[in-house]
Amino acid sequence: MQLGKQIGQKLDLPKEIVWDLPLISMIGQEELTIENHKGLMEYAPDTIRIGTGKASLCIHGEEMTLKQMSSDSIVIQGKIHTLEFCK
Amino acid sequence: MLPAFWYYLRGYVMISVSGFSVERFLNMATYRQILFWDASYCGTAMRMKTSFAGLQELQYCADKTGCTLTVLAYGGLPARLRRLHGHPVFFVGIFCFAIALYVLSSFVWVVKVEGNERLATEDILQSCADYQLHPGAWKANLDPEALTQALLAQYSDISWVSIRIDGTQATVSLAETIEAPEIIDKETPCDIVATKDGVILQIATERGTPAVAVGDVVKTGDVLISSEIFVGVEGEEGHTESVAASGSVQARTWTKLTEELSLTEDQKVYDTEEKTNHILLVGDNLEIDWLRPHMKGTYDIEAQAPQSLSIGDWRLPLSIVTQQYRPYTTTKVQRTEDEAKQALESLCRQKAEGLLDDGDTIEALDIQYQVYTDCVRAECTVTMIEEIAQKQEKGM
């Protein structure tokens, strides 16, 4: 794994691919896209928990909906307050 | 955006999933490559949209995860079409619309000419119309190549022409030839003669010999600048040569004008009851005027500029012309002698200004009035300062 990381760094490869990490992008406070996720762990309008590998990503907000969900990405819409990586 | 539009075209289904582990259901569905969107909680159940194709698989996922799946509604284009299945008139309407759209788009509705500066647009449009290119022409009957050749043959001022048909608009793009410069003949011997009777105020000779001086009285046809010039040294015997005389001669001239104005005048008195008419203009020529108001007596029609209908930047071949019908009655109005004289003076001045060329001026207006019982007559002498030089070939 260390070797893979080093090669990835040397060759400037995308880290989310080489290290198998989630790629998180936000549009303001309104929309959040998580690529390379490991599945939905919890879903409620005010809390969403998404598996990302070692830790899970907890999203707190209001009136959150899953705009789109596929095996590659999850798009969340709503008023997002906090993002937190939980064990 | 694109998948959502695609699923709208293919049709989608709105489902409700309830149970203890909805998250497991969602994960299982995504693992099986079933796309869903707009997922939100509604009470204890989760509502979402998914494709028709994935519905069977989702039922399997729901059974496996202990969830209850309920189909709430079908959406998208197929569902809409199913709902309209019992309305054949709607489909007939769609069919007629498609046919009408196809037929109407098979005509040329607008013909534009671009690139012309010296040539009149109306002339080119007329030439195009002679070769079947006019608003309302069937596109299949057009032969742009023949029209191109015809325009090139007809107009020597056109060096290049192209005819482009975009939708229902035909654009005639052309390039004009470079304008030939005015050729001034400096070889053929000619005199400068007077075009009018007058008194010379200024003479500037470019070539030739001045035949008159400032203050001289000249008559029409008198030579002002002679073409004969003396060549030789003073004191010795020389000879004369004929050249093309040129120069400028300004003179004071007098022109007589006669105007007459009646002391009674017909005046229009407009009624307050105006009526408006709307005309639908198809293309540039076809007018649909079905709503013309019924008018009695005499009336004026004031038309406003056509208002084009457009969708965004795309101009439709339709425009609306609004006309104002203004009925009037005619009454006789008596004019005083002074009013008639003022009107005559202004009329004489207007006419005198119409006689002026570039650089000419009016020096004075001398008006003598003769008053009759029913009219006033003005005899006006206009004193002008104007150019009276004109070339005349020798022997003419």
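Letters A, B, ... mirror the listed sequences (proteins, then strands); counts begin at 1.
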With chain A as the partner chain, list the residues of residues 24-33 of chain B whose heavy atoms fall under 4.5 Å from it, by residue number, and write 'none' if nothing qualifies.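 Against chain A, the residues of residues 24-33 of chain B that fall inside the cut-off (heavy atoms, under 4.5 Å) are B/Leu26, B/Asn27, B/Thr30, B/Gln33.
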
Surrounding [atom1] of [X] (heavy atoms of other residues, nucleotides or ligands, distance under 6.0 Å), is the total greater than 12?
{"X": "B/Lys139", "atom1": "NZ", "result": "yes"}
{"X": "A/Glu63", "atom1": "CD", "result": "no"}
{"X": "A/Arg49", "atom1": "CZ", "result": "yes"}
{"X": "B/Gln307", "atom1": "CD", "result": "no"}
{"X": "A/Phe85", "atom1": "CZ", "result": "yes"}
{"X": "B/Arg80", "atom1": "CZ", "result": "no"}
{"X": "B/Glu114", "atom1": "CD", "result": "yes"}

Can you tell me how far apart CH2 (B/Trp37) and NZ (A/Lys67) are? Round to the nearest 0.5 Å.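 Rounded to the nearest 0.5 Å, the CH2-NZ separation comes out at 10.0 Å.
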
About how many Å separate CD of A/Gln77 and CG of B/Asp38, when rounded to the nearest 0.5 Å?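 B/Asp38 atom CG to A/Gln77 atom CD measures 8.0 Å (nearest 0.5 Å).
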
Best-contacting candidate, A/Leu66, A/Asp72, A/Val75, against chain B by heavy atom pairs under 4.5 angstrom: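 Of A/Leu66, A/Asp72, A/Val75, A/Leu66 has the most heavy-atom pairs under 4.5 Å with chain B.
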
Greatest number of heavy atom pairs closer than 4.5 Å to chain B - which of A/Gly78, A/Gly51, A/Ser70: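 Looking at each of A/Gly78, A/Gly51, A/Ser70 in turn, A/Ser70 comes out on top.
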
Contact part of A/Met64 toward chain B, heavy-atom cut-off under 4.5 Å: side chain, backbone, both or neither?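 Neither part.
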
For A/Tyr43, does its backbone N or O pair with a side-chain atom of B/Glu23 as donor and acceptor, under 3.5 Å?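 Yes, B/Glu23 side chain to A/Tyr43 backbone: donor-acceptor pair under 3.5 Å.
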
Chain A contact via B/Met46 - which portion, at a heavy-atom distance below 4.5 Å: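 The answer is the side chain of B/Met46.
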
